[in-house]
Amino acid sequence: MKDWRVKTARRENVELFRVIANQAIEEISSKKPQNKAELLEIKGIKEKKFAKYGEEILAIVRGEEESDKFVESFKEEGKVFEVGEYLDFLNEKLLDAEARVKGEVSSVDIRGNYIFFSIKDKEGESLISCFVWKNDYDASGVNLEEGMEVVIWGYPNVYKPSGRLSFQVKLIELVGEGLLKKAYEDLKRKLEAEGLFAPERKKSLPKYIQKIGLITSHQGAAIGDFVSNVGNYGYKINFFDSRVEGKQAIFELVRGVKWLNENIPDIDAIVLVRGGGSLESLQAFNTEMLVREISESKIPVLAGIGHEQDVTLAALAADMMVSTPTAAALEIRQPWDEAIHGVESSEKYILNAFQGILAEKKNTVLESERILSGMLAEIFERFRRAKEKLKNNLVKIKMTIDQERNYLASAGKKLSMNYTRLFSNFVNVMKSLAEKIALHDPERQLKLGYSLVFSGKKILRSVKDIKLKDKVNIRLQDGDMETEIIKITNQ
Amino acid sequence: MTKETNLTVSLKKLEEIVEWFESQHEVDVEKALEKVKEGAALIKASKDRLKKVENEFEEVKKELEEGE
């Protein structure tokens with residue numbers, strides 16, 4: 001059954017699962033459907049598939065190994081084929097001759113949606129004519145030039161109308177780091193010029209990524225590195241298993257990006273990861289097809305593709321790139337870890353701040369209380385001091401009064417003593433004065449025959465104070481007389 | 001998605017509360033208490049959201065065959 005699928009896939013040039021899914025194959029082999037109705041019950045088989053493969057599958061289930069029967073039929077002795085019939089048989093057989101062939105490109109003929117070319121050995125004359133569909137050619141990301149050394153993957157096939165045998169190429173790879181490097185640089189320049197790597201094209205990833213579309217291989221370290229480092233924050237990881245190296249990788253990676261965009265458009269980010277490798281092993285990530293798919297993705301793409309020298313073009317086209325699958329995981333995890341720390345520190349801060357506020361308020365109350373009681377104490381103190389002062393002053397006043405009283409008492413005594421002495425002195429002085437006065441009394445002089453001459457009220461003592469014809473009074477002992485000056489004689 | 005939005009909003013609000021406390025000089029205790037209550041609710045919600053939760057891991061390729 002699986003062989004049949006492989007052959008059918010090759011014949012139709014599609015992926016295995018496009019023919020029929022693994023799950024369906026398992027279901028068919030366990031349930032062994034015998035007719036159309038039973039076969040249609042198998043998940044993944046619908047009318048369309050039945051029309052295409054129904055009879056073949058039923059034949060296989062019945063144990064009639066269709067293809068073998070087909071091949072067996074040619075072994076009949078004496079069998080004569082028709083041309084087309086024989087070529088079908090031959091092409092079926094030729095699928096088994098799938099191979100990788102290395103050679104130097106000797107001619108290239110690009111015609112619309114397919115290309116003819118041929119490769120030959122560097123030495124010797126062997127040559128293979130090749131045929132490749134344009135989409136396979138584009139996927140390879142190799143621009144064929146004469147003289148280029150390549151490895152082609154595919155199988156031989158006879159083109160029935162012409163009867164010519166050619167090699168049906170599914171993938172072309174460059175040989176040698178030098179050529180790979182050149183192809184890488186050329187493609188990089190071309191896509192850069194188109195602006196596919198421009199920062200303004202890049203979408204920002206949500207801060208807290210939760211729904212993840214993971215594209216990588218289920219083999220290899222990348223998936224483990226990513227899953228074990230991304231943390232446990234309840235992510236929903238939709239894993240798209242894709243080869244990450246070799247022939248099928250390009251198609252699968254491209255389909256992964258496309259499929260996630262079409263089927264789970266609400267995922268937060270597509271994570272494309274792969275461990276490091278040589279330029280050759282990372283070829284799939286340096287193809288135009290993948291770069292374009294990534295740059296067209298509606299979902300932001302985070303690339304964690306390891307590399308030894310040059311950053312892969314897929315990573316350059318991604319919205320964000322880091323250098324390893326682990327780094328991609330940490331990129332997603334970090335905001336969550338930080339959020340936890342943020343919450344915890346906010347919690348501490350808020351509680352501390354609130355306690356601080358309470359403590360401050362408590363302090364304010366205590367402080368007010370302290371100030372108030374201090375003020376009261378001061379009031380009492382002042383009052384006490386005022387009382388003290390008053391008391392002191394009262395004592396002083398009393399002392400002063402007593403002093404004054406004593407003073408007055410003693411002063412009275414002194415005074416009367418002094419007064420007595422003063423008075424007797426006074427009496428004596430008066431007595432002697434009276435005697436002196438009596439001695440010098442002008443009246444007494446008048447009695448003795450002296451007289452006083454007045455000019456007006458003034459006593460005349462000199463002839464200079466008088467002139468002729470002035471009238472003067474002369475006082476004698478017993479009366480006054482008025483005379484006129486008639487002669488003045490100076491002595 | 002809603003959970004994520006809530007977390008973003010919660011953290012933003014929490015940050016605002018912290019800033020509120022930082023900017024207060026004369027604090028109204030009643031208001032501060034209100035903020036603390038609000039903060040506590042946000043912290044609880046955020047912590048619940050940030051608890052270790054097992055991731056769901058699902059391979060999608062199996063669903064592919066219907067994609068035609």
Side-chain angles (χ1 to χ4, degrees), chain A residues 15 17-24 43-46 48-49 206-214 218 227 230-242 252 255-256 259-260 262-264 266 268 336-337 339-340 342-347 349-354 356-358 360-361, chain B:
Chain A
E15 303 305 326
F17 67 87
R18 295 254 176 223
V19 176
I20 184 168
N22 271 329
Q23 221 181 348
K43 190 173 173 275
I45 310 264
K46 300 224 167 105
K48 206 170 129 198
K49 281 248 198 273
K207 188 163 184 196
Y208 302 106
I209 290 173
Q210 185 157 36
K211 258 189 135 175
I212 298 167
L214 176 64
H218 73 278
V227 172
V230 78
N232 288 303
Y233 288 110
Y235 304 109
K236 172 94 176 75
I237 300 172
N238 295 285
F239 171 54
F240 188 102
D241 182 27
S242 163
E252 292 183 2
R255 209 174 41 245
W259 192 89
L260 289 168
E262 281 169 2
N263 293 280
I264 326 179
D266 68 332
D268 299 322
W336 294 92
D337 285 349
I340 287 187
V343 169
E344 283 171 352
S345 66
S346 296
E347 185 178 16
Y349 182 85
I350 291 173
L351 287 180
N352 281 343
F354 188 61
I357 288 163
L358 287 183
E360 199 181 300
K361 292 287 157 189
Chain B
M1 202 62 187
T2 45
K3 273 186 171 180
E4 187 230 306
T5 314
N6 281 344
L7 180 63
T8 312
V9 171
S10 298
L11 292 173
K12 182 94 183 52
K13 281 188 182 166
L14 210 47
E15 211 173 285
E16 283 168 7
I17 293 175
V18 169
E19 277 166 14
W20 184 86
F21 274 103
E22 275 171 356
S23 67
Q24 298 300 305
H25 300 296
E26 277 299 311
V27 178
D28 176 346
V29 181
E30 291 292 323
K31 221 169 189 180
L33 185 62
E34 229 170 75
K35 293 276 177 191
V36 169
K37 278 183 188 164
E38 194 190 337
L42 290 169
I43 287 164
K44 190 181 178 303
S46 303
K47 277 191 170 172
D48 281 352
R49 178 59 201 94
L50 289 167
K51 265 201 303 233
K52 299 280 174 207
V53 178
E54 281 306 308
N55 301 328
E56 277 177 57
F57 190 95
E58 189 186 332
E59 188 172 338
V60 294
K61 209 166 172 178
K62 293 186 189 84
E63 304 161 12
L64 280 175
E65 56 268 15
E66 291 301 318
E68 283 168 277

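All chains are named by letter (A, B, ...) in the order of the sequence lines, taking the proteins before the strands, and each is independently numbered beginning at 1.
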Next item on the list: Determine the option with the most heavy-atom pairs under 4.5 angstrom with chain A, choosing from B:V18, B:L14, B:I17.
Entry: B:V18
Checklist line | Interface moiety of A:E344 toward chain B, non-hydrogen atoms closer than 4.5 Å | finding: side chain
Next item on the list: State, to 0.1 Å, how close A:R255 and A:F240 come at their nearest heavy-atom pair, and which atoms those are.
Entry: C-CZ, 4.0 Å
Next item on the list: Please determine if B:E58 and A:K236 form a salt bridge, counting it only when a charged side-chain N lies under 4.0 Å from a carboxylate O.
Entry: yes
Notebook entry, point to check: Can A:E347 and B:K47 be counted as an ion pair, charged N to O under 4.0 angstrom?
Noted result: yes
Next item on the list: Give, as side chain, backbone, both or neither, the part of A:Y349 having an atom under 4.5 angstrom from any heavy atom of chain B.
Entry: side chain
Item checked: Least distance between heavy atoms, B:A32 atom then B:F21 atom -> O-CZ, 3.8 Å
Next item on the list: Heavy-atom distances under 4.5 Å only: say whether B:L50 touches chain A with side chain, backbone, both or neither.
Entry: both
Item checked: Backbone N/O of A:N232 and side chain of B:N55: donor-acceptor pair under 3.5 Å -> no
Checklist line | Any donor-acceptor pair under 3.5 Å from A:D268 side chain to A:P206 backbone | finding: no
Item checked: Taking every non-hydrogen atom, the tightest pair across B:G39 and A:I350 -> CA-CD1, 4.5 Å
Next item on the list: Give, as side chain, backbone, both or neither, the part of A:I212 having an atom under 4.5 angstrom from any heavy atom of chain B.
Entry: neither
Margin query: Out of A:G256, A:G342, A:A339, A:G213, return the one with the most heavy atom pairs under 4.5 angstrom to chain B.
Written below: A:A339
Checklist line | Atom group of B:L33 that falls short of 4.5 Å from chain A, counting heavy atoms | finding: both
Notebook entry, point to check: Between B:E22 and chain A, which part of the residue has a heavy atom less than 4.5 Å away: side chain, backbone, both or neither?
Noted result: both
Check: Which atoms of A:I357 come close to chain B, meaning under 4.5 Å heavy atom to heavy atom: side chain ones, backbone ones, both, or neither?
Finding: side chain
